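Read the structure below first, then the notes.
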Amino acid sequence: MSIARPGESLRARQALELVGRACWKMLQIDTNLLVKTVHRIREGLEVAKSDLSLFSDKSADKGIRFWIGQLAPELERLDLRQSAKKLAYIDKSLASSISTPTDGYARFISQQIEDFRERLFDELEDRKIYCLSGKQSDYLTNAVHGFGPEVAAAFPSVEYDLEEAAKTLSFERGTATVFHLMRAMDIALTALGEKLSATVRDKDGKPLVWGKIIANCRGKIEAMPDDDVKDAWDSAMSLLFHVKEVWRNTTMHPMQKYTVEEATEVFEACRAFMRRLAPLV
């Protein structure tokens, strides 16, 4: 990625790209990248200091200020208030600097960035930043969308539980993941029964247990003509039966626990069922 502006010298581009690449990575909120970014900003400034003309045409200042603008919201998001204040001071200093810079000016900016780095390190000692694997990150960032737009459109009321299931799975809270998935599955199963005009509640209006709802739905499907529509419903019911038999019967037991591997399997099973069901309801 290049952040050079038209007319900038090679030295300026090197300095700005060094700062730019590091600050862009910092937006991912990773401790290692956070520390590296501050070092990269310092290194980029050193390149600019070797040629004061880069300050006189403001190219170095503009580049650093541009990436400060990208970095500042992330500091706020991490509640690094003192670091954010120092960064704002540096930005203000760069914005109001003299048109003909001196060695003293370059040293001043350099010291301010060094102060910012030390302040950042101090504040980070009071923070815990967890690193997620690629798969964990996918669950966290995709959340509801990981089930597909069809599922979100067909079952809008399950959005919260699907999102929480994905988030808890990304942080390896297996039992919590399955709990939220089962809540979402209750809603999906009710929608399935209602679509088939099958009984899903008892005479008092309380939801029937899964086994009875599945049996009632199965009867409706068996009465359908043998065609592609029936095949689609049969496929959805097979996926539902798998979820019910393997997971549902023991999930709500207070002593039941689920490992990350087990929770991942039920997550994928529920996703397969809801994706298959969505276009049918």
Side-chain angles (χ1 to χ4, degrees), residues 1-5 11-52 54-134 136-137 140-141 143 163 167-168 170-173:
M1 175 182 62
S2 175
I3 59 172
R5 274 63 168 182
R11 186 68 66 87
R13 288 198 299 272
Q14 291 173 338
L16 298 183
E17 288 179 359
L18 188 62
V19 172
R21 286 194 300 269
C23 287
W24 182 257
K25 289 182 179 180
M26 169 132 183
L27 300 182
Q28 301 303 312
I29 304 300
D30 179 280
T31 304
N32 188 41
L33 291 177
L34 192 67
V35 173
K36 284 185 177 179
T37 296
V38 181
H39 285 293
R40 294 292 186 178
I41 291 175
R42 188 78 163 82
E43 292 171 7
L45 183 64
E46 290 300 324
V47 174
K49 281 169 59 180
S50 64
D51 183 357
L52 290 180
L54 297 181
F55 282 109
S56 63
D57 66 12
K58 304 292 287 184
S59 59
D61 291 7
K62 290 178 182 177
I64 294 174
R65 290 193 66 215
F66 175 82
W67 292 107
I68 283 176
Q70 301 297 308
L71 180 59
E74 301 307 316
L75 295 179
E76 295 290 347
R77 195 159 75 112
L78 286 172
D79 196 30
L80 302 175
R81 300 180 184 182
Q82 296 305 313
S83 299
K85 287 180 180 180
K86 172 56 75 172
L87 198 66
Y89 175 77
I90 294 172
D91 183 59
K92 182 178 179 181
S93 298
L94 291 169
S96 61
S97 61
I98 57 177
S99 58
T100 305
T102 63
D103 287 333
Y105 167 75
R107 286 194 298 271
F108 169 74
I109 296 298
S110 178
Q111 183 59 53
Q112 293 305 310
I113 291 179
E114 184 64 28
D115 291 345
F116 162 72
R117 183 173 63 175
E118 292 179 359
R119 187 173 298 187
L120 179 62
F121 289 174
D122 287 342
E123 286 198 284
L124 283 176
E125 290 182 355
D126 297 327
R127 302 291 186 276
K128 288 183 174 62
I129 302 178
Y130 296 90
C131 178
L132 301 179
S133 68
Q136 290 173 305
S137 180
L140 183 63
T141 55
E163 184 175 353
K167 288 178 178 178
T168 52
S170 70
F171 286 99
E172 300 186 347
R173 305 293 87 193

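These numbers come from a predicted model, not from an experiment.
- Using a 4.0 Å cut-off between charged side-chain N and carboxylate O, D115 and R117 make no salt bridge.
- Not a single side chain to side chain contact (heavy atoms under 4.5 Å, CB included) links D122 to another residue, sequence neighbours left out.
- With contacts defined as side-chain heavy-atom distances shorter than 4.5 Å, the pair F108/Q112 qualifies.
- Between L120 and L75, the closest heavy-atom pair is CD1-CD2, 4.1 Å.
- Judged as a side chain to side chain contact (heavy atoms under 4.5 Å, CB included), and not counting sequence neighbours, the contacts of E76 are A84.
- Nearest approach of R81 to E123, heavy atoms of both residues: N-OE2, 3.3 Å.
- For R173, the CZ atom counts as loosely surrounded, since its 6.0 Å shell holds 12 or fewer non-hydrogen atoms of other residues, nucleotides or ligands.
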